[in-house]
Amino acid sequence: MSKQSLLDRRYLRMARIWAENSYCRRRQVGALLVRDGAIISDGYNGTPSGFENICEDEENHTKPYVLHAEANAITKVAKSNNSSQGATLYVTSSPCIECAKLIIQAGIKRVVYSEDYRSIDGVLLLRQAGIEVLLIDLNETE
């Protein structure tokens with residue numbers, strides 16, 4: 001296994017652990033932004049700062065203002081002195097179309113994820129933009 005493959009799997013496992021910070025009951029997603037061998041940002045799905053940490057309504061539907069892990073990681077790096085230009089995003093679930101647009105605009109060049117989201121539209125858009133997208137099943141051994 002190549003050094004890059006080992007690193008990809010390691011960062012994905014870290015993103016999976018980071019997802020445990022989410023208060024969402026239906027689905028917990030974690031994301032790490034890595035550039036030049038360093039984690040420059042992280043995120044997990046949840047409500048915006050200052051909101052109660054309850055992601056679902058009474059019918060167990062996700063509230064419309066819940067942020068995805070990728071959006072949290074990208075906005076967090078935007079508030080820092082770091083740049084996501086050329087970075088790799090490690091995320092436990094493939095990006096939705098809205099997050100894919102943010103990824104493109106943030107200059108992220110590579111996305112590595114470990115499970116498919118309900119729609120592949122985000123992955124298709126990322127590939128159309130020339131971003132490398134890689135699915136790694138952490139349950140498989142190479």
Side-chain angles (χ1 to χ4, degrees), residues 1-57 60-142:
M1 188 178 302
S2 73
K3 182 178 180 182
Q4 186 61 60
S5 290
L6 289 170
L7 286 171
D8 286 345
R9 295 176 79 77
R10 190 169 297 144
Y11 284 127
L12 270 179
R13 287 193 309 270
M14 292 170 70
R16 189 164 59 186
I17 291 167
W18 199 244
E20 295 173 13
N21 288 313
S22 173
Y23 287 90
C24 297
R25 294 186 316 259
R26 291 181 64 218
R27 184 179 187 92
Q28 293 180 314
V29 180
L32 295 177
L33 259 175
V34 176
R35 197 182 80 212
D36 300 327
I39 297 171
I40 60 169
S41 189
D42 53 62
Y44 51 87
N45 58 325
T47 57
S49 299
F51 283 69
E52 63 182 357
N53 287 322
I54 299 172
C55 299
E56 294 85 8
D57 62 20
N60 203 34
H61 296 115
T62 301
K63 293 178 180 177
Y65 53 83
V66 168
L67 291 157
H68 288 188
E70 306 94 316
N72 269 325
I74 290 168
T75 55
K76 188 173 182 180
V77 80
K79 293 193 297 186
S80 74
N81 291 327
N82 279 312
S83 168
S84 55
Q85 189 69 40
T88 296
L89 176 69
Y90 294 91
V91 62
T92 57
S93 183
S94 60
C96 71
I97 191 89
E98 294 302 318
C99 288
K101 292 188 272 187
L102 292 175
I103 291 164
I104 293 165
Q105 290 302 97
I108 295 166
K109 293 299 176 202
R110 194 164 175 265
V111 175
V112 181
Y113 68 98
S114 58
E115 63 184 47
D116 286 315
Y117 186 61
R118 65 178 174 246
S119 167
I120 62 162
D121 292 348
V123 169
L124 296 175
L125 183 64
L126 292 170
R127 289 189 174 135
Q128 185 180 346
I131 294 171
E132 180 186 350
V133 182
L134 180 63
L135 167 63
I136 296 177
D137 184 348
L138 290 176
N139 298 317
E140 289 181 4
T141 55
E142 288 187 21

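FYI, side chains are in, hydrogens and waters are out, and symmetry mates aren't considered; it's all heavy atoms of this structure.
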- Message: Checking the side chain of T92 only, and the main-chain atoms of G30 only, is there a donor and an acceptor separated by less than 3.5 Å?
- Response: yes
- Message: Just so I know, are the side chains of R127 and V123 near enough to count as touching, which here means a heavy-atom distance under 4.5 Å?
- Response: yes
- Query: Taking all atoms of both residues into account, what is the closest heavy-atom pair of Y23 and C55, and its distance?
  - Reply: C-SG, 4.1 Å
- Would you say E56's side chain and R26's backbone share a donor-acceptor pair under 3.5 angstrom? yes
- Note on the structure: Output for pair (R13 CZ, I136 CD1), nearest 0.5 Å, gives 10.0 Å
- Message: Using only atom types and a distance under 3.5 Å, with no angle test, would you say the side chain of S84 pairs donor to acceptor with the backbone of I108?
- Response: no
- If you draw a 6.0 Å radius around CD1 in I120, do more than 12 non-hydrogen atoms from other residues or ligands fall strictly inside? no
- Task: Evaluate the side-chain proximity of N60 to R25: yes if any heavy-atom separation is below 4.5 Å, no if none is.
- Result: yes
- Query: Are C24 and V66 close enough that some pair of their side-chain heavy atoms sits under 4.5 Å apart?
  - Reply: yes
- Message: Just verifying a value: how many Å separate L125 CG and I104 CD1, rounded to the nearest 0.5 Å?
- Response: 4.0 Å
- Message: To check you understand the geometry: which heavy-atom pair defines the closest contact between E52 and T47, and what is its length?
- Response: O-OG1, 3.0 Å
- Let me see the working for K76 and L33 under side-chain contact (heavy atoms from CB on, under 4.5 Å), right down to the final yes or no. CA-CA 10 Å; K76 188 173 182 180; L33 259 175; over 6 Å; no
- Message: Measuring from atom NZ of K101 to atom CD of E70, what distance do you get when rounded to the nearest 0.5 angstrom?
- Response: 13.5 Å
- Query: Quick one: CG on L32 to CG on L12, what's the gap to the nearest 0.5 Å?
  - Reply: 8.5 Å
- Item | N/O donor-acceptor pair under 3.5 Å between D121 side chain and I97 backbone | no
- Within a radius of less than 6.0 Å around CD of Q105, do more than 12 heavy atoms belonging to other residues, nucleotides or ligands occur? no
- Query: Where do D8 and R110 come nearest, in terms of heavy atoms and distance?
  - Reply: OD2-NH2, 2.6 Å
- Not counting sequence neighbours, list each pair that qualifies as a ring-ring contact (aromatic ring centres under 6.0 Å, His included) and has a residue in residues 75-99. Y11-Y90
- Atom pair CG/CG of L138 and L135 - distance to nearest 0.5 Å: 9.5 Å
- Message: Testing the 3.5 Å rule here: is there a donor-acceptor pair between the side chains of S114 and R16?
- Response: no
- Message: Under the criterion side-chain contact (heavy atoms from CB on, under 4.5 Å), I'd like the reasoning laid out for H68 against Y117: C-alpha separation, chi angles, the key distance, then a yes or no.
- Response: CA-CA 12 Å; H68 288 188; Y117 186 61; 4.1 Å; yes
- Message: Name the residue from I74, L89, V77 that meets the side chain to side chain contact (heavy atoms under 4.5 Å, CB included) definition with S41.
- Response: V77
- Query: Does a side-chain heavy-atom distance below 4.5 Å link N72 with N45?
  - Reply: no
- Item | L67 to P48 - nearest heavy-atom pair and separation | CD1-CA, 4.0 Å
- Item | Heavy-atom closest contact (S93 atom, R27 atom, distance) | OG-NH2, 2.7 Å
- Message: To check you understand the geometry: which heavy-atom pair defines the closest contact between K109 and G86, and what is its length?
- Response: CG-CA, 3.6 Å
- Task: Working to the nearest 0.5 Å, report the span between OH of Y113 and CG of D137.
- Result: 11.0 Å
